[in-house]
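Read the numbers this way: they start at 1 and go in the same order the structure lists the ligands and their atoms. All figures in this text were calculated on a predicted structure; none of them were measured in a lab.
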Amino acid sequence: MNTIDSHKRRSLLQGAAAVAALSMVGCASVGTGAKPRVVVVGGGWGGLGALRALAASGKVDITMVEPNDGFMSCPLSILYIAGYAPASDFQRSYGVVDALGVRRVKDVVLDIDRAARMVKTASQNIPYDFLVLATGLEYMEETLPGYAAARDQLPVGFRAFEQSAVQRQVATFLEQGGHYVITVPKPPYRCPPAPYERACLIAQRMKEKGTKGKIIVVDANKGPMPPPLAKPMLTAMKEMYGAQIEYINEVDPKSIDAGKKVLSTTKGDVPFHHANIILPMRAPGLIRKAGLGERFAAIELPSFQSKKDKNIFVVGDSQGAPLPKSGHIAFGAGQQAGEQILATLAGKYKEAGLGDEVTLPGAICWGKVSTSLAIMINVTSSVSVGDPPKVKYQVDPAANAASSKGAMDWGRDMWNAMLS
Ligand SMILES: Cc1cc2nc3c(=O)[nH]c(=O)nc-3n(C[C@H](O)[C@H](O)[C@H](O)COP(=O)(O)OP(=O)(O)OC[C@H]3O[C@@H](n4cnc5c(N)ncnc54)[C@H](O)[C@@H]3O)c2cc1C
């Protein structure tokens, strides 16, 4: 055998050995942990941010646990609720998640066993080395006596797929007219401009359809939230929808009687025909059950690591740092958590030191006031390690057409980044 032949043979043998080794890793990675295991709970904005960053590396075995079959965006879905676009415009399949080789478990996580590093669904235990919790929010129903018993008649519609129930309610109101009450809780709640946006787009539809009646916005706050939005939003509501929207500020709902259709408040009774009660919000019970926080998960900034458990990251609206509850921030924090997990595994992660100034994921939120006008809210934030984050708002002085177009472009870009 000449040297060329022996070299070829050696290469072939090495190649065969490598294939055998790779297939062993491939087999081992199916749930047994040859690659480090990352479990992502929640397939919304935060979970998809983490998953995209992790999957791009090919270095970890990823499981996503999510009960829904696909994704639905809350941002911009007011266009569906008010009857201007089909629901499908705001929905995407999880086909890309499957194509990335992520194991997708269509289920709800009921428990986290932190000692055993295991999440538990009704049918299986899923082990992890790192856990990313992106579970969004639940509503604090107990804050409004009378609500829980009438939950089905009073959809909130601030979580994916709940928009359909609100859309049906709004369609009935637009046909029948009457009083449509929208309540606004005190922050922290998901997407502060959203209740006012909802009022404006339904009011636009009332004008177009000639609906008789009014929308009553019952706001627990002094003015539209966040505060820098108050002036342009109040101006839009007054100038564009003075005949359709009545705005009442600094009023707290006390109880609701869905049978008599009366909302009792600190400023008296508000009778209604339909009501969109936007309740105060908190992280889902799973977070409390796992001892990760009270109303929201306690996290470190800038890492989004749980204060209670270094192997757990909490991103998106479940986390309790005083940052806006925005999909844009959720997605960015998810990406950052994914990148940090990869850097940690590669031995390259360098923790920020006390006093270091670190930029946090930014956000753009949109307050649409009509199908063609919107107010942009640009949020940037940073943290000096050890201190609370500094959050800066830059808000359009008035609703405008460029921001309305920007909102749709932003939505498409974000949905593509998540699921294309
Ligand atoms: C009307 C409206 C307009 C908005 N507009 C904007 C905007 O213009 N810009 C912006 O940046 N943000 C906007 N937002 C906010 C944005 O939608 C949220 O901040 C974002 O969805 C938060 O992402 P998340 O991953 O924390 O939660 P979600 O996107 O809600 O995802 C949570 C996921 O976790 C799953 N889940 C929950 N519990 C479990 C469990 N135990 N086991 C398994 N899965 C579980 C849920 O099924 C869900 O899919 C808007 C919100 C609303 C309601």
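Residues Ile216 and Val218 are in side-chain contact: their nearest non-hydrogen atoms beyond the backbone lie under 4.5 Å apart. Side chains of Asn221 and Asn249 form no contact here, defined as non-hydrogen atoms less than 4.5 Å apart. At least one side-chain heavy atom of Met225 sits less than 4.5 Å from a side-chain heavy atom of Tyr189. Trp366 has its side chain out of reach of Ile78: every pair of non-hydrogen atoms, C-beta onward, lies at least 4.5 Å apart.
When hydrogens are left out, the protein atom nearest atom 31 (O) of ligand 1 is Gly44 CA, 3.4 Å; that is the closest non-hydrogen contact. Looking at atom 25 (O) of ligand 1, its nearest protein heavy atom turns out to be Gly46 N, 2.8 Å. The closest protein non-hydrogen atom to atom 39 (C) of ligand 1 is Thr135 CG2, 3.9 Å. Here the heavy atom of the protein found nearest to atom 10 (C) of ligand 1 is Gly327 N, 3.4 Å. In terms of protein heavy-atom proximity, atom 49 (O) of ligand 1 is nearest to Glu66 OE1, 2.5 Å. Looking only at protein heavy atoms, the nearest one to atom 18 (C) of ligand 1 is Asp317 OD2, 3.3 Å. Of the protein's non-hydrogen atoms, the one nearest atom 52 (C) of ligand 1 is Cys74 CB, 3.4 Å. Ranking protein heavy atoms by distance to atom 2 (C) of ligand 1, first place goes to Ala194 CB, 3.7 Å.
We find that Lys307 and Glu300 are joined by a salt bridge, their nearest charged nitrogen and carboxylate oxygen being less than 4.0 Å apart. A salt bridge does not link Arg151 with Glu162: every distance from a Lys NZ or Arg NE/NH1/NH2 to an Asp or Glu carboxylate oxygen is 4.0 Å or more.
Between the side chains of Asn311 and Tyr128, no donor N or O sits under 3.5 Å from an acceptor N or O. When only modelled atom types and interatomic distance are considered, Gln91 and Tyr80 share no side-chain donor-acceptor pair under 3.5 Å. A side-chain donor from one of Gln204 and Thr371 sits under 3.5 Å from a side-chain acceptor of the other. A donor atom on one side chain and an acceptor atom on the other are found under 3.5 Å apart for Asp219 and Tyr196.
For ligand 1, the atoms sitting less than 4.0 Å from at least one non-hydrogen atom of Val65 are 43 (C), 44 (N), numbered in the order shown with element in parentheses. Set against the non-hydrogen atoms of Trp366, the atoms of ligand 1 under 4.0 Å away are 8 (O). Ligand 1 places these atoms under 4.0 Å from at least one heavy atom of Asn68: 47 (O). With ligand atoms numbered from 1 in the order given, ligand 1 contributes 26 (O) to contacts under 4.0 Å with heavy atoms of Gly316. Atoms of ligand 1 lying under 4.0 Å from at least one heavy atom of Phe158, given by number and element, are 53 (C). Close approach to Leu286 involves these atoms of ligand 1, each under 4.0 Å from a residue heavy atom: 41 (N). When each atom of ligand 1 is checked for a heavy atom of Cys365 under 4.0 Å away, the hits are 7 (C), 8 (O), 9 (N), 10 (C), 11 (O). If you number the atoms of ligand 1 from 1 as listed, the ones under 4.0 Å from a heavy atom of Lys325 come out as 15 (C), 19 (O).
The nearest non-hydrogen atom to atom 28 (P) of ligand 1, considering only Arg190, Met376, Arg159, comes from Arg190. Of the options Gly367, Pro75, Cys191, Ala330, the smallest heavy-atom separation from atom 17 (O) of ligand 1 is shown by Pro75. Considering only non-hydrogen atoms, atom 32 (C) of ligand 1 lies nearest to Ala134 out of Ala134, Gly42, Gly70.
Remark: distances from the non-hydrogen atoms of Pro67 to ligand 1 include one below 4.0 Å. Under a 4.0 angstrom heavy-atom cut-off, Ile364 registers as being in contact with ligand 1. Remark: distances from the non-hydrogen atoms of Trp410 to ligand 1 include one below 4.0 Å. Look at Ala160 and you'll find every heavy atom at least 4.0 Å from all atoms of ligand 1. Within the 4.0 Å heavy-atom cutoff, Leu137 does not count among the residues contacting ligand 1.
Both the backbone and the side chain of Val109 come within 4.0 Å of ligand 1, judged by heavy-atom distances. Within the 4.0 Å heavy-atom criterion, the part of Val41 lying near ligand 1 is the side chain and not the backbone.
Looking at every heavy atom in both residues, Met237 comes nearest to Pro224 through CE-CG, 4.3 Å. Nearest approach of Val379 to Pro324, heavy atoms of both residues: CG1-CG, 3.7 Å.
Here's the thing with Ser326: one of its N/O atoms is less than 3.5 angstrom from an N/O atom of ligand 1. Taking distance alone, with nitrogen or oxygen atoms compared against 3.5 Å, Ser318 stays at or beyond that limit from ligand 1. The shortest N/O to N/O separation between Asp107 and ligand 1 does not fall below 3.5 Å.
Judged by distance alone, with hydrogens and angles left aside, the side-chain atoms of Gln340 form no donor-acceptor pair with the main-chain N or O of Phe304 at under 3.5 Å. Judged purely by atom type and a 3.5 angstrom limit, Asn378 has no side-chain atom pairing as donor or acceptor with the backbone of Tyr393. Judged by distance alone, with hydrogens and angles left aside, the side-chain atoms of Ser381 form no donor-acceptor pair with the main-chain N or O of Val391 at under 3.5 Å.
No option in Arg159, Arg190, Lys325 other than Arg190 meets the salt bridge (Lys or Arg N to Asp or Glu O under 4.0 Å) test with Asp317.
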Show the numbers, then the answer: is there a salt bridge (charged side-chain N to carboxylate O under 4.0 Å, His left out) between Asp61 and Arg37?
CA-CA 5 Å; Asp61 173 19; Arg37 297 154 305 187; 6.0 Å; no
